[in-house]
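Below: the structure, in structure tokens.
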Amino acid sequence: MPELPEVETIRRQLALTLPGRTVVDSWAFDHPKFTPASESVGGHIHEVRRRGKYLLIEITRPDGPHELIIHLGMTGQLRTEAAEPGGVGGVGGGPRDPYDRARFELDDGTVLAYRDVRRFGRIAWTPRGHYDGHPTLAALGPEPFDHALDGAALWAALRGSRRAVKTQLLSQRPVAGVGNIYADEALWIARIRPAARTVTRPQAVRLLEAIRSVLSAGIEHGGTTLRDYVDAQGRSGENQHHLLCYGRGGKPCIRCGEPLRHGVLDGRGTTWCRTCQR
DNA sequence: CGATTTCCCTGGCCGC
DNA sequence: TGCGGCCAGGGAAATC
């Protein structure tokens, strides 16, 4: 599932090619989650940004500056396809892959293809910075690498709720961009029980360090590919080979040797060590 | 308002 | 080989 490291990997790649281009044509799967893609036609691309797991492509149209908001959900892929030598062009005809949900043709002939088998992702079009219709994005917590965020700030944010600490992380409110994989990894490294409803200040400090550590590693390794994730060039990530906890239920904890537990917490599969996460 | 529940989706996997 | 049943799970909407 694409989380911050996966989205950031794609963002960095798209930031090299999209700025300066104009969207000349588009096609979108006939569903409200994807049809806003067509609004971008005629727009000029300025910048490719990211907030949490949301990709924000700044596009100016004659009626003003906008953002094309793209969330990859569970199985979303965003890939650039080189211009075809013959100049076939024209994405208006429809998808090239049965699971394409949107396609954007740019003025240099390249095509940006959005593929999402399970349709958990979504595409939105909004005036720049206007997130009223997007509750999670509007209430998104600070970027994990924001210098203004420190252990004390995370502690304060977590103290505002009595929900399980992992559930709070997945809500995107204490900090943006952490999903199921990196949440399990960070909590294991910080030695915090995912179901804990309160954390101490030292624990919050450790947790933020752990979050930054696992997200950095994820970016360095080009993201985690368990099944669907590929980058903008269609390549798999390598971070799945560096996971210490997620997906290792029943296998010995690397720290203490006890078998890792696997269960369901607030509806999400969760792996943790009952011995060294307290 | 915050917490909780439901729903959206379909490929892959398991057991028979 | 075929098939029913179940699982994965981020986020939005509905409900409490």
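Just so it is clear: chains get the letters A, B, ... in the order the sequence lines come, proteins before strands, and each one is counted from 1.
- A:Arg173 places its CZ atom 13 Å from the P atom of C:dG11, with the value rounded to the nearest Å.
- Among the heavy atoms of the strands, none lies under 4.0 Å from A:His134.
- Where A:Pro135 and A:Tyr246 meet DNA chain C, the nucleotide closest to each residue was compared, and A:Tyr246 sits on the side nearer the 5' end.
- No engagement by A:Tyr182 is indicated, since no non-hydrogen atom pair under 4.0 Å with the nucleic acid exists.
- A:Asp231 and A:Gln13 are linked by a side-chain donor-acceptor pair at a separation below 3.5 angstrom, with hydrogens and angles left out of the test.
- Between the C1' atom of C:dG10 and the CG atom of A:Leu170 lies a distance of 9 Å, rounded to the nearest Å.
- A donor-acceptor pair under 3.5 Å links the side-chain atoms of A:Arg101 to the main chain of A:Val117, judged by distance alone.
- Side-chain nitrogen and oxygen atoms of A:Gln172 include none within less than 4.0 Å of the OP1 or OP2 phosphate oxygen of C:dG10.
- For A:Phe120 and C:dG11, the ring-to-base geometry does not satisfy the stacking test (centroid distance below 5.5 Å, interplanar angle below 30°).
- A:Arg268 comes within contact range of at least one nucleobase, with a heavy-atom separation under 4.0 Å.
- Formation of a donor-acceptor pair under 3.5 Å by the A:Glu3 side chain with backbone atoms of A:Ile181 is found in this model.
- Taking atom CG of residue A:Asp184 and atom P of nucleotide C:dG10, one finds them 10 Å apart after rounding to whole Å.
- Put simply, CG on A:Leu169 is 14 Å from C1' on C:dG10, counting in whole angstrom units.
- Side-chain atoms of A:Arg122 and base atoms of C:dG11 include no donor and acceptor less than 3.5 Å apart.
- Between A:Phe34 atom CZ and C:dG11 atom C1' the separation is 13 Å, expressed in whole Å.
- In this structure, A:Arg159 forms a cation-pi arrangement with A:Trp155, its terminal cationic atom sitting closer than 6.0 Å to the ring centre and no more than 45° off the ring axis.
- Across the protein-nucleic acid pair, A:Asn180 atom CG and C:dG10 atom P stand 5 Å apart, rounded to whole Å.
- The cationic group of A:Arg115 does not satisfy the cation-pi geometry with A:Tyr99, failing either the under 6.0 Å distance to the six-membered ring centre or the 45° limit from the ring axis.
- The pair A:Arg61-A:Asp63 meets the salt-bridge criterion, with a side-chain N (NZ, NE, NH1 or NH2) lying under 4.0 Å from an Asp/Glu carboxylate O.
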Dot-bracket for DNA chain B, 5' to 3', with Watson-Crick and G-U pairs under 3.5 Å, [ ] for crossing pairs and | for other-strand pairs: what is it?
-> .|||||||||||||||
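- Rounding to the nearest 0.5 angstrom, the gap separating the NE2 atom in A:His66 from the NE2 atom in A:His44 is 15.5 Å.
- Between A:Ser161 and A:Arg101, the residue anchored closer to the 5' end of DNA chain B is A:Ser161, taking for each the nucleotide with the nearest heavy atom.
- Residue A:Lys53 is classed as a sugar-phosphate contact, given heavy-atom separations below 4.0 Å to backbone atoms only.
- Chain A approaches DNA chain B within less than 4.0 angstrom (heavy atoms of the protein), and the contacting nucleotides run 5' to 3' from B:dA3 to B:dG12.
- Atom pair A:Tyr229:OH and C:dG9:P shows a separation of 18 Å (rounding to whole Å applied).
- Judged by distance alone, the side chains of A:Thr224 and A:Asn239 do bring a donor and an acceptor atom under 3.5 Å apart.
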Would A:Thr271 and A:Leu260 count as a side-chain contact (heavy atoms from CB on, under 4.5 Å) if you check the C-alpha gap in whole Å, the side-chain angles of each, and the deciding distance to 0.1 Å?
-> CA-CA 7 Å; A:Thr271 304; A:Leu260 292 174; 4.0 Å; yes
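- Note that A:Arg255 lies in the cation-pi zone of A:Trp188, set by a 6.0 Å cut-off to the ring centre and a 45° limit from the axis.
- A close approach under 4.0 Å does not occur between any side-chain nitrogen or oxygen of A:His71 and OP1 or OP2 of C:dG10.
- When the P atom of C:dG10 is taken as reference, atom CZ of A:Arg118 falls 10 Å away, rounded to whole Å.
- Residue A:Gly269 is in sugar-phosphate contact alone, with no base atom involved, counting any heavy-atom pair closer than 4.0 Å across all strands shown.
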